Amino acid sequence: MTPSPLDAAATESLLAFWRDAGVDACFEDAPVDRTHVAPPPAVKAVAKATASVVATPDAGDAAAEARRAAAAAQTLEELGQAVAAFEGCALRGLGARQAVFCRGNPEAPVLVIGEGPGAEEDARGQPFVGKAGQLLDRMLAEAGLEGRVFITNTVFWRPPGNRSPTPAEQAVCAPFVERAFALLKPKAVLLLGAASAKSILATDEGIMRLRGQWREWRLSEGGVSAPALPTLHPAFLLRQPLAKRQVWADLLSLAASVEG
Ligand code: URA
């Protein structure tokens, strides 16, 4: 269908509006893993029969390599070095400047897990140092948790255009997140945003339903477990300040859980 001149003018004006607002890329509601190239139809039948071997061999190898590297780290500092040296995450080659692993107290009672680094984090090499991070810090301090958190993300390289990380990217980085959990042994875990909560709790439930509900995060190996609390992402709060009320309730529940 050929657009009418009126449609074209309206579209141009809308695109200009988004560009001025800083939006420089278009994404769908759900993240699309564009690093995974679908096999041609003739190959599909074979791929179906041997899905686990053929579908994503690189991701499988990368996750195994991540598991080896993470298991070898005996401290959070060594884990940070292992993350920086890890080359298996596809996000590394998609424009990220550097690995962004953690910030905070390596003996903290609370592990905070966000989604993935944004532009400011990518530039500075630390998670949650942009506007959303500043809001997070203020709210944690108000809840009495200043200096009592260790902060990381589900992936350690900035997804292009600040999109959410895909489940495949999160799966490759998961061994490092799990090792951070095992080394820190926190009393409680705070999960920021849908992409974090869904990945860590292995659920498809929406964040509006999950938030405020304590769940158990238990690693399949090593017997490490802790209560985990999903809440709304601070970047969402910057757009929807009224939702701060819900996050505040969640933070008070978190603070009470680590008292004493
Ligand atoms: N959003 C996240 O989820 N993590 C960061 O580190 C920054 C913004």
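If you're wondering where the values come from, they're calculated on a predicted model, not measured in any experiment. Residue indices begin at 1 and follow the sequence shown. In each ligand, atom 1 is the first atom listed, and ligand 1 is the first ligand listed.
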Rounded to the nearest 0.5 Å, what's the gap from OG1 on Thr231 to CE on Met139? Could you check?
->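 The OG1 atom of Thr231 sits 8.0 Å away from the CE atom of Met139.
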Can you list the atoms of ligand 1 that are under 4.0 Å from a heavy atom of [X]?
| X | value |
| --- | --- |
| Gly114 | 3 (O) |
| Pro127 | 6 (O) |
| Asn153 | 2 (C), 3 (O), 4 (N), 5 (C), 6 (O) |

Geometric N/O contact [X] with ligand 1, under 3.5 angstrom:
| X | value |
| --- | --- |
| Gly118 | no |
| Glu115 | yes |
| Gly116 | yes |

Quick one: does Phe156's side chain get under 4.5 Å of Val177's, heavy atoms only?
->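 They are in side-chain contact.
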Mind checking whether His233 has a heavy atom under 4.0 Å from ligand 1?
->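 In this structure, His233 qualifies as a contact of ligand 1 - some heavy atom is under 4.0 Å.
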Would you please determine whether Gly193 falls within less than 4.0 Å of ligand 1 on a heavy-atom basis?
->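 Gly193: no contact with ligand 1 (<4.0 Å).
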[X]/[Y] ion pair, N-O < 4.0 Å:
| X | Y | value |
| --- | --- | --- |
| Arg215 | Glu205 | yes |
| Asp250 | Arg211 | yes |
| Arg163 | Glu169 | yes |
| Asp204 | Arg209 | no |
| Glu120 | Arg124 | yes |

Pick from Glu120, Glu121, Lys131: the one approaching atom 7 (C) of ligand 1 most closely through a non-hydrogen atom |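 Among Glu120, Glu121, Lys131, the closest heavy atom to atom 7 (C) of ligand 1 belongs to Glu121.
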